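Before any comments, here is the structure.
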There are 2 protein chains.
Amino acid sequence: GDEDAAQAATARQAVLTKPPGSLGRLEEAAIRLARWQGREKPALERVHVLIFAGSHGVTARGVSAFPAEVTAQMVANFSAGGAAINQLAKQSGAILIVTPLEIERPTADFTQAPAMDEADFLTAVQTGFDAVPEGADLISLGEMGIGNTTAAAALAAALFGGRGADWVGRGTGVDDAGLSRKAEAVDAALACHGEALSDPLEALRRVGGRELAAMFGAALSARQKRIPLLLDGFVCGAAVAPLARLGEDGLAHAIAGHVSAEPGHRKLLAELGLKPLLDLDMRLGEGSGACLAINILRGALACHNGMATFAEAGVSDG
Amino acid sequence: GDEDAAQAATARQAVLTKPPGSLGRLEEAAIRLARWQGREKPALERVHVLIFAGSHGVTARGVSAFPAEVTAQMVANFSAGGAAINQLAKQSGAILIVTPLEIERPTADFTQAPAMDEADFLTAVQTGFDAVPEGADLISLGEMGIGNTTAAAALAAALFGGRGADWVGRGTGVDDAGLSRKAEAVDAALACHGEALSDPLEALRRVGGRELAAMFGAALSARQKRIPLLLDGFVCGAAVAPLARLGEDGLAHAIAGHVSAEPGHRKLLAELGLKPLLDLDMRLGEGSGACLAINILRGALACHNGMATFAEAGVSDG
């Protein structure tokens, strides 16, 4: 990040016509955008919402309330403009790019084998990396993939410890039996891959999925290009978490858009030291929570860039 | 509210291409807007942000970090377009109307006498009532008035019990001594007005202020005109609270835009049974938290009105 820009933005916040600190997290957000855009007055003109979709072999274990073919059906719905993320991207003034990752070819069932072989994994990471355009003002991430909250739970357990029951939730709405199957699938994955999971990238390859690998690649790309990154829910958070395990400030450019209703997400954000902007009981995925939070960032910058200073407005500063 | 419209909106949410309930509080918000706009597909085309400003005699007691003249200076800043609410109203696509209420003539110091006489009080209520236009899709409330968190604390104590220390906070940023002076001012007001405060309207007249009375009038007007109402922070919440005390469903049309950093606000929302949309440590007033929440409502309606149904999209519904 650009410390000079962050300091200039902090100094600017102190002279705007409001009690110091009274815009709370809007002030923090403006300063973080300044740091990662490298300018005192950040902008949100080129906002890209990147959604990656993948299919999961673990769906054979009965871990989702929806059949596996819904992944392809929802990708078609994205193309037709009918999904929640289409509406939210439009409403927040963002460009939506949906990238399906070989959804006709599910990953391997990770309770028995690595989800991806190395070539497959690297292709997915590279696809995500390349999806981040130079010069974007903000990247907002999201995903679609029936079965992927089980992958996210397995990855979270691999990275932060605990068992299946500590990380699984109802996802799109499984019943109690489905919830047990999810926990069992995670535990089976932890047993199957053992020590190999202690390497964060290897954990992502073995128990993740293509859309998770792509989100990881996009997060890494945004970091290298110094573009602020807005995170969505549990699956997105788990996918980018290896960055935080690989380097202490690996997610310094990230803002948690929201905390979802999936219980593992709140725990994951605590592990990552990220405080979400929104907490609206959402659990849809598709980048929907992050995309909604773009509006909050726009509000933060509207104030940061547009407000008068005490001197400009002739207001006593207390 | 219109129960038929609410039921039609609820039925619509159930067939949109997402797991049932997965948009969480966005679904609730869309249904509440449907109920109060009286149509299955609500709109937010005519959104009015109404800001009322007033001056307070209690400022003589040293209850604010800012001098009393800042009220008039900030009203000038609103007119010039330099305040936070100007930027946020523009960003959220709302029409901003600022109504100063005789700010050159402060209310009486309510630790010693009623803040307003009856004529004064009714004029302020009527001004707020008349500020709500027929046919608006949403009214978003806010205020400006140095000293008014002390009035809000006194009003909250009058309506819900407790002493000054239970309801005061640092407002625009008073130090510990200022915080004690606020608590003492509230206690003095409770002692001075005694039993008269058991009538909610009388409490508003005696320990409120003109901008609080106007927000009350606007909330009542929105209720009668069946326009959904978006609430801002502690002062706004206290001002409209008498409606909830006068009738059980007096605030059924209200949505809490945010919970502010002023500690009394969270308590007040709990008393009112309202769950805030946003929790961003904001404590600026000016309707800023509510105005930011307009974006959340826009996102909710973008999904509600724009998403494809399972049948339309050919997606399996689980």
Side-chain angles (χ1 to χ4, degrees), chain A residues 16-26 28 65-67 69-70 73-74 76-77 80-84 86-88 90-92 171-173 260-261 277-286 288 291-292 295-296 298-299 301-309 312-318, chain B residues 16-26 28 65-67 69-70 73-74 76-77 80-84 86-88 90-92 171-173 260-261 277-286 288 291-292 295-296 298-299 301-309 312-318:
Chain A
L16 297 176
T17 42
K18 57 177 173 58
S22 63
L23 283 174
R25 306 217 32 226
L26 298 193
E28 280 173 37
F66 284 79
E69 57 263 32
V70 165
Q73 291 169 350
M74 283 301 297
N77 196 21
N86 297 97
Q87 323 314 318
L88 292 170
K90 192 173 160 192
Q91 188 266 325
S92 67
T172 53
S260 86
L277 288 172
L278 300 175
D279 182 359
L280 293 167
D281 280 330
M282 293 168 69
R283 52 181 172 81
L284 176 57
E286 297 180 8
S288 53
C291 197
L292 196 62
N295 291 294
I296 304 298
R298 287 197 189 282
L301 291 192
C303 292
H304 182 78
N305 295 334
M307 283 176 72
T309 64
E312 284 164 1
V315 174
S316 309
D317 62 355
Chain B
L16 298 176
T17 44
K18 57 178 175 56
S22 64
L23 282 175
R25 306 220 30 228
L26 299 193
E28 280 172 36
F66 284 79
E69 58 262 31
V70 164
Q73 291 168 351
M74 283 303 295
N77 196 23
N86 297 98
Q87 323 315 316
L88 291 171
K90 191 173 161 191
Q91 188 266 326
S92 65
T172 52
S260 86
L277 288 171
L278 300 174
D279 182 0
L280 293 167
D281 279 331
M282 293 168 69
R283 52 180 170 82
L284 176 56
E286 297 181 11
S288 53
C291 196
L292 196 62
N295 292 293
I296 304 299
R298 288 196 188 283
L301 291 193
C303 293
H304 182 78
N305 295 333
M307 284 176 71
T309 65
E312 285 165 359
V315 174
S316 309
D317 61 356

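A, B, ... follow the sequence lines: proteins, then strands. Residue 1 opens every chain. Owing to the predicted nature of the structure, the values given are computational and were not obtained by experimental measurement.
From B/R25, atom CZ reaches atom CG of A/D279 across 8.5 Å, with rounding to the nearest 0.5 Å. One finds the CE atom of A/M307 at 9.0 Å from the CG atom of B/N86 (value rounded to the nearest 0.5 Å). Note that CZ of B/R283 and NZ of A/K18 are 9.0 Å apart. Values are rounded to the nearest 0.5 Å. Distance CD/A/E28 to CG/B/D281: 7.5 Å, rounded to 0.5 Å.
Of the atoms belonging to B/A65, it is backbone heavy atoms, and not side-chain ones, that fall under 4.5 Å from chain A. Residue A/L277 touches chain B through both its backbone and its side chain, counting heavy-atom pairs closer than 4.5 Å. Heavy atoms of B/V70 lying under 4.5 Å from chain A belong exclusively to its side chain. B/L23 touches chain A through backbone and side chain together, each having a heavy atom under 4.5 Å away. Of the two parts of B/L301, neither the backbone nor the side chain holds a non-hydrogen atom closer than 4.5 Å to a non-hydrogen atom of chain A. Contact annotation for A/A84: both backbone and side-chain heavy atoms come within less than 4.5 Å of a heavy atom of chain B. With a 4.5 angstrom heavy-atom cutoff, A/N305 does not touch chain B via any of its atoms.
Contact of the A/L88 side chain with the B/C303 side chain is registered, since non-hydrogen atoms from C-beta on lie closer than 4.5 Å. A 4.5 Å side-chain heavy-atom check between A/L292 and B/I296 finds at least one atom pair inside the cut-off.
With respect to chain A, the highest number of heavy-atom pairs below 4.5 Å among B/A76, B/G82, B/G24 belongs to B/G82. When the candidates A/T172, A/L278, A/V315 are compared by the number of heavy-atom contacts under 4.5 Å with chain B, A/V315 comes out ahead. With chain B as partner, the option from A/A302, A/P20, A/A83 having the largest number of non-hydrogen pairs under 4.5 angstrom is A/A302. Counting heavy-atom pairs closer than 4.5 Å to chain B, the top residue among A/E312, A/M282, A/K90 is A/M282. The candidate with the highest count of non-hydrogen atom pairs below 4.5 Å against chain B, out of A/S22, A/S288, A/A308, is A/S22. Counting heavy-atom pairs closer than 4.5 Å to chain A, the top residue among B/L26, B/L16, B/T309 is B/L26.
At least one donor-acceptor pair under 3.5 Å links the side chain of A/Q73 to the backbone N or O of B/S316.
Closest of all the heavy-atom pairs between B/T17 and A/M74 is O-CE, 3.8 Å.
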